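Here's the structure, in structure tokens; my notes come after.
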Amino acid sequence: MNDPRQAFRPEADPQRIRAAFDAQLPTALRWRVSTAAERIARVKRLRDAMLAQREAFYAAFAQDYRKPPAEVEASEFLPVMDEIRHVLGNLKRWMRPRGVWPTAAMLGTRGAVQCQPRGRVLIIAPWNYPLGLCFGPLVSALAAGNTAIVKPSEMTPAVSALMARIVAEVFPENEVALFEGGQPTSQALLDLPFDHIFFTGSPAVGKIVMAAAARHLTSVTLELGGKSPTIVDASANLQQAAETLMWGKFINNGQTCVAPDHVYVHASVKAAFVDACRSVLQARYGAGAAAQKASPDLARVVNHRHAERVAGLLSDALARGANVLAGGEVDRNQCYVAPTLLDRIPAGAAILSEEIFGPLLPVIEYGELDDVIAEINTQPKPLALYVFSTNRRAVAKVLARTSSGGACVNHCVAQFAHGNLPFGGVNNSGIGSAHGEHGFKAFSHERAVLRATMLMTIKLFFPPYTKSRTRLIRAVVDMLRLPTL
Ligand code: NAD
């Protein structure tokens, strides 16, 4: 576990950053015409270098926050490898210009959408999935034909240093460069007129990134966070809900952007649900506080600052009268907070308003689904929403009446790994989307190309605007009122 003070690494030199940015311009112009085969070759080089360092990644993750190798595989390598596989299988098709039918007023033309690389892109990543959230977007950026500068988080220095080595090994700086550092390095990068910024992190820093991008009218994809609510209704399969939620909440020790933040449970099944959750936690991490603390399958909170923050949310809730249903142990020195379930949390507790981003799960009892929906709709739109239910009407109601970046029914977190689904937030939880073709498009400019055909109906609209021509134009406009087929 890192103490940011001990893990201090120097910030990147702004002049080096500027030099890499300038050097990427001729490459970006050349890469505008790069073929699918050339892009795939770059992605494969990255993949092979990443896989060659598999064991080194295990060690780096262990050093940064004791992340178990199985979770490194399942939540870092797997999404990136799946992204790469998806690119290899589909890139040619994604790159092909897509013809579109002319609309009524455009008869006599042929239209097509041509995806072009945006050019020089910047990727800023958070610490919680340091490999997946750097190399995942980088794969999409390369597939779309861009050069890239990548800024990983300063909070996971061992993983960042390893990624820096890999990038330097695979790419010259005029193609892809990686700069380690914190806020000053980010700021130096944000001063540059990139063609696109892909930022993953908190809503608060997302606003800073968007304001910086506005100075150059740079387009942005913002992958942010928030409090993702979960509903377990009276009809839910409680065992399935408990097994799935205890995984989604406690993988990566709760430090997951799409982790279920809090769970609304129908009063009639709350006791049974909590019992099922306790049994799952004991079976997975051991019975008793000491066994769970010794479990090799629980990652740690990333550093002392965040351990203090998570422990503070817990102690604030307890001081206000919340009740511990499971867990509750804290060892700040070891950045350890046990997998914890809480209930009876009074209004006003910070845990109910701040993104938890740690292994604490508030369990909130409810009576009427409408009240839960109304409460969700008073909050900023979350990144994810989960509903566990076998009642199709209830599920349809929740999906229709709420808004969130993504949603799962009887599942959680897994939507992140589905390459054919757009991954992203809405308003406070993000702008734009990533993964698969959606990620390719995030890093592409969809250029509209219109070709005139023989008919050249546009000639109708040329001056001089004689009376008859004006009548003709008016007749065309009137024709648009005719019913569609
Ligand atoms: P963060 O916003 O603090 O940092 C993200 C990146 O921004 C880091 O590289 C950091 O160095 C940089 N940064 C920090 N302060 C900055 C500033 N003032 N100016 C410019 N750059 C700055 O986020 P974090 O703590 O690393 O990650 C946790 C947050 O990220 C949570 O809110 C989580 O929900 C969100 N997140 C979202 C996704 C997603 O895909 N939507 C994925 C992971 C994490």
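Note that ligands are numbered from 1 as they come in the structure, with each ligand's atoms numbered from 1 the same way. The first residue in the sequence is number 1, and the count goes up from there. For clarity, every value in this text was computed on a predicted model and none was experimentally measured.
Distance from atom 7 (O) of ligand 1 to its nearest protein heavy atom, with residue and atom name: F199 CE1, 3.4 Å. Looking only at heavy atoms of the protein, atom 40 (O) of ligand 1 is closest to F423 CE2, 3.3 Å. Ranking protein heavy atoms by distance to atom 19 (N) of ligand 1, first place goes to Q187 NE2, 3.1 Å. The shortest contact between atom 26 (O) of ligand 1 and any protein heavy atom is with W127 CD1, 2.9 Å. The protein heavy atom nearest to atom 23 (O) of ligand 1 is S202 N, 3.5 Å. Among protein heavy atoms, atom 12 (C) of ligand 1 sits closest to S186 OG, 3.7 Å. Regarding atom 36 (N) of ligand 1, its nearest protein heavy-atom neighbour is C257 CB, 3.4 Å. Shortest contact from atom 32 (O) of ligand 1 to any protein heavy atom: E355 OE1, 2.8 Å.
For the pair F416 and ligand 1, no heavy-atom separation below 4.0 Å is found. Within the structure, ligand 1 lacks Y129 among the residues with a heavy atom less than 4.0 angstrom away. Not a single heavy atom of G425 sits less than 4.0 Å from an atom of ligand 1.
Atom 21 (N) of ligand 1 lies below 4.0 Å from at least one non-hydrogen atom of the protein.
The main-chain N or O of E180 is never found under 3.5 Å from a side-chain atom of S160 such that the two would form a donor-acceptor pair. A side-chain donor-acceptor contact under 3.5 Å links D64 to the backbone of V159. Using a distance-only test at 3.5 Å, with no hydrogens or angles considered, no donor-acceptor pair links the side chain of Y129 to the main chain of C134.
Listed by first and then second residue, the ring-ring contact (aromatic ring centres under 6.0 Å, His included) pairs that reach into residues 154-189 come to none, sequence neighbours excluded.
A salt bridge does not link E71 with R66: none of the charged nitrogens is closer than 4.0 Å to a carboxylate oxygen. In summary, R320 and D316 engage in a salt bridge, as defined by a charged side-chain N under 4.0 Å from a carboxylate O. A salt bridge does not link R18 with D191: every distance from a Lys NZ or Arg NE/NH1/NH2 to an Asp or Glu carboxylate oxygen is 4.0 Å or more. Electrostatic pairing of E308 and R332 counts as a salt bridge here, judged by a charged N lying under 4.0 Å from a carboxylate O. The existence of a salt bridge linking K227 and E355 is excluded, since no basic side-chain nitrogen approaches an acidic carboxylate oxygen closer than 4.0 Å. Checked for salt-bridge contact, K397 and D370 meet the test: a charged N lies under 4.0 Å from a carboxylate O. Checked for salt-bridge contact, E76 and K67 meet the test: a charged N lies under 4.0 Å from a carboxylate O.
By the 6.0 Å and 45° rule, R42 stacks over the aromatic ring of W31.
Heavy-atom contacts of F357 reach the following atoms of ligand 1: 28 (C), 31 (C), 33 (C), 34 (O) (cutoff under 4.0 Å). Below 4.0 Å from some heavy atom of I208 lie the following atoms of ligand 1, by number and element: 18 (N), 19 (N). Atom numbering of ligand 1 starts at 1 in the shown order; those under 4.0 Å from a heavy atom of S153 are 9 (O). Close approach of ligand 1 to L133 is summarised as follows: ligand atoms under 4.0 Å from at least one heavy atom of the residue are 42 (C), 43 (C). Here is the list of ligand 1 atoms found below 4.0 Å of a heavy atom in E154: 10 (C), 11 (O). Using a 4.0 Å cut-off to heavy atoms of T200, the atoms of ligand 1 that qualify are 5 (C), 37 (C), 38 (C), 39 (C), 40 (O), 42 (C), 43 (C). Shown in contact with G225 at under 4.0 Å from a heavy atom are these atoms of ligand 1, numbered in order with element: 34 (O). Using a 4.0 Å cut-off to heavy atoms of K151, the atoms of ligand 1 that qualify are 8 (C), 9 (O), 10 (C), 11 (O).
Side-chain polar atoms of K381 and N428 form no donor-acceptor pair below 3.5 angstrom.
For H262 and Y264, the ring centers are positioned less than 6.0 Å apart. The ring of H438 has its center no closer than 6.0 angstrom to the ring center of W94.
Distances from atom 8 (C) of ligand 1 to the heavy atoms of G206, A125, P126 show the closest one on A125. Of all the listed residues (S160, A211, G201), G201 holds the heavy atom that lies closest to atom 35 (C) of ligand 1. Around atom 14 (C) of ligand 1, the closest heavy atom drawn from V205, N252, V302 belongs to V205. In the candidate list L224, I124, N128, L224 is nearest to atom 41 (N) of ligand 1, counting heavy atoms.
With a 4.0 Å heavy-atom cut-off, ligand 1 is reached by no atom of T256. With a heavy-atom cut-off of 4.0 Å, M155 does not touch ligand 1 at all.
Close N/O approach between S429 and ligand 1 is not found [any backbone or side-chain N/O within under 3.5 Å].
The aromatic rings of Y65 and F61 lie perpendicular to each other, with more than 60° between the two planes, well past the 30° mark.
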